[in-house]
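Note that the coordinates shown come from a computational prediction; the quantities given were computed from them, not determined experimentally. Residue numbers start from 1 in every chain, and the chains themselves are labelled A, B, ... in the order their sequence lines are given, proteins ahead of strands.
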Amino acid sequence: MPTFQTSPGTRDILPPDAARWRQFNAIFADTVEAAGYGCIIPPIFEDATVFHRIGEATDVVSKEMYDFEDKGGRHVSLRPEQTASVCRAFAQHRPTTPWKVWYTGPNFRYEKAQAGRYRQFDQVGIEALGVHDSDLDVEVIALAWKFYQRLGLSNVQLVINSLGDDGDRARYVDALRQYLQSHQDALTPEARQTLERNPLRVLDSKRQGDLDVIASAPTIKAFLSVEANEHFEKVLTGLRALAIPFTQNEYLVRGLDYYRRTSFEFVSTALESAQNAIGGGGRYDGLVQSLGGPDTPGIGFALGLDRTLLACDAEGVFGAPKSSVDVFVVDVIDGTHALAVTNNIQDAGYSADRAFDGRSMKAQMKSADRSGARFAIIIAQDEVASGSYTIRDMASAQQQLVAKSDLVEFLTRNLGKRTPRRSPS
RNA sequence: GUGGGCGUAGCUCAGUUGGUUAGAGCGCCAGGUUGUGGUCCUGGAGGUCGGGGGUUCGAGACCCCUCGUUCACCCCA
């Protein structure tokens, strides 16, 4: 028999971790829906050209795309992120603005995996289209911040910068390229290579040999238009008003070409690994138009599920929920009583599990213990004869005999009223 | 894509300069207790030592290849 395992960079999320993911998504949805964001579910793959708008020079597009030709000869790609898809959706459906949406789901990038970096990785995020107002920038950042707080994270740092408008950015890149080229000899070979492709990325270098040159490099600030500068200052003022701490970093450029003006990143200072950026985002005025839509401003962020959970682990917060069931039915006759009883309990809105394969009472009690059930319902000859159940409180080991017809009333009295998952007919 | 570390039971790991039948703890199953879990005691199941090739009388150990994983670079969430 051949043995199989997950492909590199992918993995199974098993219980109880998957429950933690669901909880994570639920808290996120709750946080952003409270601000008027609606859920959007774009396809997981689409025309590869859509994602090329992220920037031909970016690594994401040039070497990490999971693209292929489908049976109809279409060049499609698994999405490496969702922002481009959301903007494509906007261009396609032309909803009224402001259009505020949130999403969750897997993305794909062909990279070598390491801690906090997978080929299939999940992100949650929001995108807001059609608004220039700097207040929206503040709202977007504040929602991410609020979400981190709800998870219980406290060692998160907000790093922020402005990349200016298209023209500002172009003029700055020119100046930066000139500066770096004139200091080429002082740069590492890797940085010189990066310089060819994208001068902005050189600023991201953490190599010791590049730091001196970077330290005296021109910064974007001097190239910002009056409007972009004003916009940025208003964003910072808004953050201060909401008491959200931030660090300005004029070298924060981020890897995707479409960012304009506000650009930000959330870094976990609790993580030791190199992958300590747990979320990021910014404004991308112009992206919708590049996808064939009307000239529409946009801003959003994406938070990495895996990395954020790693940060939670590092801080010892937001652990996996303990799964448990209300009742565990122990049937030592033939198991068929348990079939009916669990069914009835479930119809009444409570959760119930049982053992199979006719195991011994001791073994079934052990399963009851492991299930985390508050009560064990024991059914043997005596109970059947008297038309009742023995109900054992697993924590106190107190037992009592309860008439069959009083079972739901007993559960309601001890566990509170529940809404039935479906009404018994 | 490049470089380093690591792959032994479901999990965490021992395993001497290469030497008989590969071990422990936890977990799992059963019994001790024919109507009772969590503690305790006893027993049991479970391993082609990641895979393939080589060196050797003999390889879990040494060499080569390969796959996986991990860390760093790169990049990013």
Side-chain angles (χ1 to χ4, degrees), chain A residues 1-11 14 54-55 57-64 80-83 104-125 144 188-191 193-194 197-198 201-202 204-210 252-256 265-268 271-281 301-311 328 330-333 355 357 359-373 375-384 390-399 401:
Chain A
M1 279 286 278
T3 56
F4 294 102
Q5 56 184 321
T6 50
S7 294
T10 69
R11 70 260 195 254
L14 305 173
I54 293 167
T58 62
D59 282 18
V60 170
V61 169
S62 64
K63 48 185 225 197
E64 296 170 1
E81 54 138 43
Q82 300 202 44
T83 303
T104 181
N107 305 292
F108 304 84
R109 292 181 196 173
Y110 195 88
E111 299 183 273
K112 195 155 175 179
Q114 60 189 77
R117 199 179 72 180
Y118 304 95
R119 288 182 175 175
Q120 177 177 337
F121 62 102
D122 272 58
Q123 288 183 331
V124 296
T188 61
E190 294 93 328
Q193 258 190 351
T194 309
R197 297 201 319 273
N198 189 343
R201 299 239 54 83
V202 177
D204 255 3
S205 166
K206 290 156 201 152
R207 287 173 294 269
Q208 204 61 38
D210 298 324
L252 175 73
V253 294
R254 305 194 47 72
L256 309 176
E265 193 167 276
F266 297 97
V267 174
S268 168
L271 285 178
E272 309 251 326
S273 68
Q275 277 73 41
N276 61 357
I278 59 175
F301 64 69
L303 315 182
L305 218 83
D306 312 284
R307 288 191 191 173
T308 304
L309 288 179
L310 283 177
F328 195 95
V330 173
D331 176 349
V332 290
I333 298 176
D357 290 335
R359 306 218 292 143
S360 70
M361 182 172 198
K362 180 190 171 102
Q364 292 191 50
M365 284 303 295
K366 201 165 180 162
S367 297
D369 187 39
R370 266 199 295 262
S371 76
F375 296 107
I377 293 185
I378 297 165
I379 305 171
Q381 291 303 343
D382 293 354
E383 285 79 5
V384 172
T390 294
I391 300 185
R392 180 184 181 87
D393 184 315
M394 293 301 283
S396 68
Q398 298 287 316
Q399 294 191 176
L401 209 57

### Rounded interatomic separation in angstrom, taking CZ from Phe121(A) and P from C75(B)
16 Å

### Query
Which nucleotide in the set C73(B), U70(B), G35(B) lies at the smallest distance from any side-chain heavy atom of Ala380(A)?
G35(B)

### Query
What is the minimum heavy-atom distance between Leu303(A) and Thr308(A), and which atoms define it?
CB-OG1, 4.4 Å

#### Entry: Full working for side chain to side chain contact (heavy atoms under 4.5 Å, CB included) between Arg392(A) and Val330(A)
CA-CA 10 Å; Arg392(A) 180 184 181 87; Val330(A) 173; over 6 Å; no

#### Entry: side-chain hydrogen bond (donor to acceptor under 3.5 Å, both in side chains) partners of residues 116-125 of chain A, not counting sequence neighbours, each pair once
Asn107(A)-Gln123(A)

### Query
What distance, rounded to whole Å, do you find between the two P atoms, one in C49(B) and one in G3(B)?
29 Å

### Query
Can you tell me how far C1' of U36(B) sits from CD of Gln398(A), to the nearest Å?
14 Å

### Task
Would you mind reading off the distance between Asp59(A) atom CG and G1(B) atom P, rounded to a whole angstrom?
14 Å

### Message
Judged by each residue's nearest nucleotide on RNA chain B, which is more toward the 5′ side, Arg307(A) or Met394(A)?
### Response
Met394(A)

### Query
Could one point to a donor on the side chain of Gln82(A) or the base of A77(B) with an acceptor on the other under 3.5 Å away?
no

### Query
Which nucleotide, G35(B), U70(B), G38(B), lies nearest any side-chain atom of Lys366(A)?
G38(B)

### Query
Any idea which of U36(B), G35(B), G1(B) is nearest the Tyr110(A) side chain?
G1(B)

### Message
Could you check whether the side chain of Gln399(A) and the base of U36(B) have a donor-acceptor pair of N or O atoms closer than 3.5 Å, going by distance alone?
### Response
yes

### Query
A77(B), A30(B), G37(B): which one has an atom nearest the side-chain heavy atoms of Glu111(A)?
A77(B)

### Query
Can you check whether Phe328(A) reaches Ile377(A) side chain to side chain, under 4.5 Å on heavy atoms?
no

### Task
Return the 5'-most residue of the pair Lys112(A), Ala397(A) with respect to RNA chain B, ranking by each residue's nearest nucleotide.
Lys112(A)

### Query
Is there a donor-acceptor contact under 3.5 Å linking the side chains of Thr390(A) and Glu383(A)?
yes

### Query
Which one, C75(B), C74(B), G68(B), comes nearest to the side chain of Lys63(A)?
C74(B)

### Closest to the Ser360(A) side chain, choosing from G31(B), G1(B), G38(B)
G31(B)

### Task
Check whether the side chain of Arg109(A) and the base of C75(B) form a donor-acceptor pair under 3.5 Å.
no

### Under 4.0 angstrom between Gln364(A) side-chain N/O and U36(B) OP1 or OP2
no

### Task
Please determine if a side-chain N or O atom of Arg359(A) lies less than 4.0 Å away from the OP1 or OP2 oxygen of A30(B).
yes

### Task
To the nearest Å, give me how far apart CD (Gln5(A)) and P (U70(B)) are.
11 Å

### Under-3.5 Å donor-acceptor pair between Arg370(A) side chain and G37(B) base
no

### Task
Please work out the stems of RNA chain B from pairs that are Watson-Crick or G-U wobble with both distances under 3.5 Å, keeping only runs of three or more consecutive pairs.
B:1-7 with B:67-73, B:10-13 with B:23-26, B:28-32 with B:40-44, B:50-54 with B:62-66

### Query
Between G1(B), G68(B), G37(B), which one does the side chain of Arg392(A) approach most closely?
G37(B)

#### Entry: Side-chain-base donor-acceptor pair under 3.5 Å for Glu383(A) and G35(B)
yes

### Query
Does some side-chain heavy atom of Glu81(A) sit less than 4.5 Å from a side-chain heavy atom of Val60(A)?
no

